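Below is one structure; the comments refer to it alone.
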Number of protein chains: 2
Amino acid sequence: MRQLFILRIMMRSAEFNREQVLRAAIKAFMVKGYTKTSMQDLKQATGLHPGSIYCAFENKQGLLLAAIEQYNKDKADEFKQYFDNQSSVLTGLKHYLEDTVTACTQGGTEKVCLSQKALNELAQQEPLVEQYISNNMLDWQQGFVDMFAKAQQLGELNNARSPLQRAQSLVMGIYGLRSYAHTHPESETMCYLANQLFEDVCR
Amino acid sequence: MRQLFILRIMMRSAEFNREQVLRAAIKAFMVKGYTKTSMQDLKQATGLHPGSIYCAFENKQGLLLAAIEQYNKDKADEFKQYFDNQSSVLTGLKHYLEDTVTACTQGGTEKVCLSQKALNELAQQEPLVEQYISNNMLDWQQGFVDMFAKAQQLGELNNARSPLQRAQSLVMGIYGLRSYAHTHPESETMCYLANQLFEDVCR
DNA sequence: ATAGTTCTTGAATGATCATTCAAAAATAGT
DNA sequence: ACTATTTTTGAATGATCATTCAAGAACTAT
């Protein structure tokens with residue numbers, strides 16, 4: 001009787017590790033794409049039963065959005081390591097491009113970019129996802145804008161093109177690199193293309 | 001009785017127009033992608049009943065392959081118009097890039113490239129499709145190789161880079177352009193990127 | 001017109017899909 | 001230990017999927 005008036009919060013905390021689950025989902029979506037990844041695939045990949053997934057992420061699309069959020073967070077942390085505490089900004093960019101080539105040349109899960117793959121699949125189909133990814137990609141591009149601005153301040157670049165223009169060309173180039181990798185070129189060709197992109201963007 | 005020995009070929013010709021059907025399938029696949037395009041969608045788009053589709057193309061994947069074949073044929077014809085009977089090869093390339101930008105900037109069916117979209121969706125999943133598209137893309141690239149070789153012969157380009165290297169950079173750049181368009185940049189930005197690509201590839 | 005053959009039709013099939021939900025297990029406060 | 005609450009479980013649901021196939025329509029040659 002007394003307990004009817006005393007409402008305390010008694011929560012049982014969820015048992016799964018959110019980041020771990022999301023990274024498993026990221027892998028699954030990267031390999032099969034959004035549509036072809038079934039809830040059964042996701043159950044197997046994440047170890048979560050359907051009910052838990054729906055409880056935590058609303059539905060399959062919610063899980064995708066959460067996965068993309070985690071993916072961008074991870075990539076942003078990675079990004080910082082290339083350009084923070086680096087005397088030469090352009091050296092950081094060079095390494096960034098080299099590692100990108102390595103990633104999409106070696107046959108692994110990380111061959112593709114989740115954002116690019118999902119955007120390509122769901123643009124014109126799922127406006128919510130489309131908008132979300134587009135915004136994230138603008139954030140990513142802004143990182144390059146800041147990097148190029150810093151490079152100009154340090155005298156590593158001339159003022160022939162604005163940081164924004166260089167960043168746009170670079171982002172476009174990286175999209176192209178990743179797409180080109182799908183046609184199975186030799187690693188040598190990929191290195192050449194990445195190097196050429198670097199030179200064009202820094203000219 | 002006599003007719004048992006006289007075997008003549010009596011064929012009823014199929015009623016549908018193959019090219020028309022394939023172009024309808026191309027549109028459908030470009031909008032929804034391969035997986036999300038159901039046989040019901042294809043029935044509606046092509047006007048063919050399931051049985052006829054299976055009779056003509058074996059299955060859904062067969063229809064995709066036939067559609068990609070038609071798409072590449074159409075694109076190859078289109079390609080020729082830019083570079084045949086043209087005094088300046090590079091002017092042809094400029095127009096080609098301008099029209100590509102127009103296509104993916106304007107909101108229409110032709111916003112995407114069927115080959116690029118299908119390759120992005122089915123790479124790592126459908127080796128047969130993957131191989132088929134990769135080969136077609138090499139043919140497309142070879143067209144650019146020949147174009148750059150001709151431009152060098154005409155003195156429109158220096159020998160700083162080989163025709164193959166230029167063609168690879170160009171193909172990569174076009175992949176990038178089309179991907180970049182998915183993030184909804186202003187038409188102005190797309191024009192700038194295409195122009196920059198042109199300059200980089202012809203430098 | 002008739003017979004032989006091919007093409008078209010579209011309902012039926014069985015598989016797989018995303019999603020739901022009631023019951024069971026687990027947690028926290030008393 | 002007991003009650004209140006939440007999470008986990010996984011079978012059930014209804015929709016949709018690619019594919020099949022038997023029956024009907026259409027064509028060709030006689």
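Predicted model only: the values in this text are computed from it and were never measured. The sequence lines fix the lettering, A, B, ..., with proteins before strands; numbering per chain opens at 1.
If you take NZ of B:Lys43 and P of D:dT16, they are 15 Å apart, rounded to a whole angstrom. Atom-to-atom, CD1 of A:Ile53 to C1' of D:dG10 comes out at 12 Å; the value is rounded to the nearest Å. At whole-Å resolution of the value, CD in A:Gln44 and P in C:dA18 are 14 Å apart. Going from atom CZ of B:Phe57 over to atom P of D:dA18 covers 16 Å, rounded to whole Å. The CE-C1' distance, from A:Met39 to C:dT20, rounds to 12 Å in whole Å. Across the protein-nucleic acid pair, A:Asn59 atom CG and C:dT19 atom C1' stand 9 Å apart, rounded to whole Å. Protein atom CG of A:Leu42 is 17 Å distant from nucleotide atom P of C:dT16, rounded to whole Å. Computed from coordinates, the B:Tyr54 OH to C:dT9 P distance equals 17 Å when rounded to whole Å.
Map A:Gln40 and A:Glu58 each onto its nearest nucleotide of DNA chain C; the residue landing nearer the 5' end is A:Gln40. Checking A:Ser52 against A:Asp41, the closest nucleotide of DNA chain C that is more toward the 5' end is the one next to A:Asp41.
No cation-pi contact links B:Lys117 to B:Phe29, judged by a cut-off of 6.0 Å to the six-membered ring centre and 45° from its axis. Remark: A:Lys150 is not positioned above the aromatic ring of A:Phe83, lacking an NZ or CZ atom under 6.0 angstrom from the ring centre and at most 45 degrees off the axis.
In this structure, the side chain of B:Gln165 engages the main chain of B:Ser162 through a donor-acceptor pair within 3.5 Å.
Ranking C:dA18, D:dG10, D:dT20 by closeness to the A:Pro50 side chain, first place goes to D:dG10. If you check C:dT8, D:dT19, D:dG10 against the side chain of A:His49, the one that comes closest is D:dG10.
Separation of the A:Phe144 and A:Tyr96 ring centroids falls under the 6.0 Å cut-off.
When heavy atoms are screened at a 4.0 angstrom cut-off, A:Ser38 is found touching the sugar-phosphate backbone but no base atom.
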